[in-house]
Number of protein chains: 2
Amino acid sequence: MASRPSAGSVTIEDVAREAGVSRAAVSKVIRNAYGVSPAMKARVTEAIEKLGYRPSVSARGMRGKTFTVGIEIPELSNPFFPKLLAGATAALSGSPYRLIIAPADPEHGEGYRAIQALVDRQVDGVIAVSPLVDPEWLEALADHVPVVMIGRHDRSPKYDAVVSDDEDGARQVMRHLLDLGHRDIAHLTPAAGLAGIESGAPQAIRLAAYRDAMQEAGLGDRIRVVGSPNGQPESRRVALGLLAEADRPTAVFASHDEPALGVMHAVADAGLTPADVSVAGYDDVEIAAHPGISLTTVDQHGERMGRLAAELLLERIAGRAEPRHETVRPELVVRTSTRPPRPRGGAPRLRAVGRT
Amino acid sequence: MASRPSAGSVTIEDVAREAGVSRAAVSKVIRNAYGVSPAMKARVTEAIEKLGYRPSVSARGMRGKTFTVGIEIPELSNPFFPKLLAGATAALSGSPYRLIIAPADPEHGEGYRAIQALVDRQVDGVIAVSPLVDPEWLEALADHVPVVMIGRHDRSPKYDAVVSDDEDGARQVMRHLLDLGHRDIAHLTPAAGLAGIESGAPQAIRLAAYRDAMQEAGLGDRIRVVGSPNGQPESRRVALGLLAEADRPTAVFASHDEPALGVMHAVADAGLTPADVSVAGYDDVEIAAHPGISLTTVDQHGERMGRLAAELLLERIAGRAEPRHETVRPELVVRTSTRPPRPRGGAPRLRAVGRT
DNA sequence: CAGTCTGTGTAGATTGATCTACACCCAAAC
DNA sequence: GTTTGGGTGTAGATCAATCTACACAGACTG
């Protein structure tokens, strides 16, 4: 039920008066500090209860901790990020810390403002997800407040990182597609992927793995990288163009599930089926398992990553100074959106289909 | 780029010293208050710039405003809520206010803790989405801080509300299904729907509209209400049970898209197709438009609702005292998951199908 | 020339909690 | 009977802003 909501009206002073003790005594009780007799503790607790007292986070923030950790998230529309949040929330639920989320306003550059907003609010720690914020900027930030970065592969001694092994995940996808017999495999990546591998962005790692896998398979001349924003409609439009080309690829590997869904949409738009063009994604969003979609993809274990990030942050807050970099192993999930390519030149036929 | 991140290290005192003025003067400049000469303003602005000063939200919160508004959201996994967030973020982006999000920990009751966490952080206003928090509690809260409730239909003089016309939306769905010829229509609803219409929860309104529509169509004896948690796996399980019954419904109307997707999944699991069992949802999540899904549903215009809520909140913060209750008109979106029912007794056949 | 006004800037109280330093009391030790 | 000392509790400074009240200057008025 929760008691009456009280918005700062009741202060520690009121509690002290009610219990007939000093402010300091009340403070000790709520902080579980040393030097409180059971009797006083009881009296104070009762007064707190009776008045519905809640400590002001602002006042606490003036001297030290706010018991708040912040997570910065780009594109909440992408269902992968809520997984991270769920994991982080779970990891924090036993602790005295609350999670607040700052959405990166897509209008403004890559989460700087969102992270800054968290810092302004004196959070005790920051989890950041935007892959392109400047490492030097992050290091300067990490001098003041514990930082855990999710997803990015650069290693800094100043902040921790939780990453998925994107190299491995992308290679699993490529091996799968190559094993099926595909040779014309295109890769769809957002701008962040094109930023270059030294950015450490997961998309950049996946792109590099795609390139390497193609080279190693002797398909260097068939490498085809297409840039596209991450949204479903955008990637659908881009994919439509790709599919209209004379030598359209037999498979498309998208760097995320969102654009992969857009590609699947485009495949249907173009009057084709997964038998004509295979599609693979990355993230294993919930809907990918739906029979109407059945998207082959890579499970990054987002909840685990979110949980791990929160745990690392708590350790940092508790005082750890040595950096930690944790890698989560991704897992290929094969579904029906990837199939062997049609024999060259074969025209698409309408086939009798049961259920997928 | 954003300048170096500074975590409270630089204070207003430092700026004042740097500019050779008093703290009060600096305060005036950053608040755009009366009584600053252009010359002083320039000096102070320069000093702020040079030192990378950022006002401490905590200290500000000690006396008055934090320039932060909070939104409480249940189940971030449901893609409808990010729509609300996008709208609210957009509406706020011109203002000096930042949005922070408090996810309702599903372990604990209906968002009380999340809302309380926002209030503890002295937000200047609260947007709340959980439909089941106690109205009296909310009114007590609204005495202290502006509140806008999204989705719930009870009218309070203390707080504003943005609702979708759920009665109308649900009736549109029912009219559509009845027009198609369905008579055995089941309704899937979460616990909140069963809480009773007086709760004002959107699910409860939809449930009531379903009941009424059935009654008015002379199908009172075929009313079938099934309770199910909102998650996709849960509703899939529940729906499997429903479909296994001897007199299974020819159509299922789910109170949200999430469970509707679960029902569609179950339909496929049971070896059936939309031609056997029609499914309609509510929310128009992005994936509903995907050809592999093609779910008939109701567009609630989530972005518009989020935007409206943020606008109302800003008005409240600016001083409006009279309550406002805004209704957004929903829109039926017909897709292929709803079809005319098979003639009674006809067994499901395997049919040759092109693309949907 | 005294009095008033206006524009500009400052001093200092205030906000709610934390935390160090210290005072007090009663018991055990010498 | 003084000393030591652990256990409890309090006073008061502190954190970074805001904001009221006021001081002081120069210009204008009667």
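Each chain gets a letter, A, B and so on, in the order the sequences are listed, and its residues count up from 1.
- If one axis is set at each end of the helix from dC1(C)-dG30(D) to dC30(C)-dG1(D) from five pairs, those axes are 60° apart, to 10°.
- Classified by interplanar angle (parallel below 30°, tilted 30° to 60°, perpendicular above 60°), the ring pair F67(B)/Y97(B) is tilted.
- If you take CZ of R17(B) and P of dA16(D), they are 11 Å apart, rounded to a whole angstrom.
- For the 3.5 Å distance criterion, the side chains of S156(B) and E139(B) qualify, holding a donor opposite an acceptor.
- Residue S56(B) has no polar side-chain atom (N or O) positioned under 4.0 Å from OP1 or OP2 of dA16(D).
- L118(A) pairs with exactly one of T68(A), I100(A), I127(A) by the side chain to side chain contact (heavy atoms under 4.5 Å, CB included) rule, that one being I100(A).
- Across all strands, V21(A) comes closer than 4.0 Å only to sugar-phosphate atoms, never to a base (heavy-atom distances).
- K83(B) forms no cation-pi arrangement with F80(B), by the criterion of a distance under 6.0 Å to the ring centre and an angle within 45° of the ring axis.
- When rounded to the nearest whole Å, the span between CZ of R43(A) and P of dT8(D) equals 14 Å.
- What separates NZ of K41(B) from P of dT8(C) is a distance of 13 Å, to the nearest Å.
- The closest side-chain donor-acceptor pair between Y159(B) and R324(B), if any, does not fall under 3.5 angstrom.
- Each of D160(A), L141(A), L313(A) was evaluated against P146(A); a single residue qualifies, L313(A), per the side chain to side chain contact (heavy atoms under 4.5 Å, CB included) test.
- Taking side-chain N and O atoms only, S27(A) has no distance below 4.0 Å to OP1 or OP2 of dC19(C).
- Between S27(B) and R31(B), the side chains place a donor N or O and an acceptor N or O closer than 3.5 Å (distance only, hydrogens not considered).
- If you measure from atom NZ of K65(B) to atom P of dT15(C), you get 19 Å, rounded to the nearest angstrom.
- Of the candidates dA16(D), dG12(D), dG16(C), dG16(C) carries the atom nearest the T11(A) side chain, counting heavy atoms from C-beta on.
- Within the structure, every side-chain polar atom (N or O) of R23(B) is placed at least 4.0 Å from both OP1 and OP2 of dT10(C).
- At whole-Å resolution of the value, CG in D14(A) and C1' in dG16(C) are 10 Å apart.
- Between dT18(C), dA17(D), dA11(D), one nucleotide has an atom nearer to the side chain of P55(B) than all others, and that is dA17(D).
- Among dG9(C), dA17(C), dT15(C), the nucleotide with an atom closest to any side-chain atom of K28(B) is dG9(C).
- Contact check for D120(A) versus S56(B): no side-chain heavy atoms found under the 4.5 Å cut-off.
- Between R60(A) and dG16(C), a side-chain N or O to OP1/OP2 separation shorter than 4.0 Å is absent.
- Between R121(B) atom CZ and dA17(C) atom P there is a gap of 14 Å when expressed in whole angstrom units.
- Within the structure, a side-chain polar atom (N or O) of S22(B) is placed less than 4.0 Å from OP1 or OP2 of dT10(C).
- When the P atom of dA16(D) is taken as reference, atom CD1 of I12(B) falls 11 Å away, rounded to whole Å.
- R63(A) contributes a side-chain N or O that forms a donor-acceptor pair with the base of dT14(D) under 3.5 Å.
- Between the CG atom of D120(A) and the P atom of dA16(D) there is a distance of 14 Å, rounded to whole Å.
- Between S37(B) and dG7(C), a side-chain N or O to OP1/OP2 separation shorter than 4.0 Å is absent.
- For the OP1/OP2 pair of dA16(D) and a distance below 4.0 Å, the side-chain nitrogens and oxygens of Y53(B) include no atom meeting the criterion.
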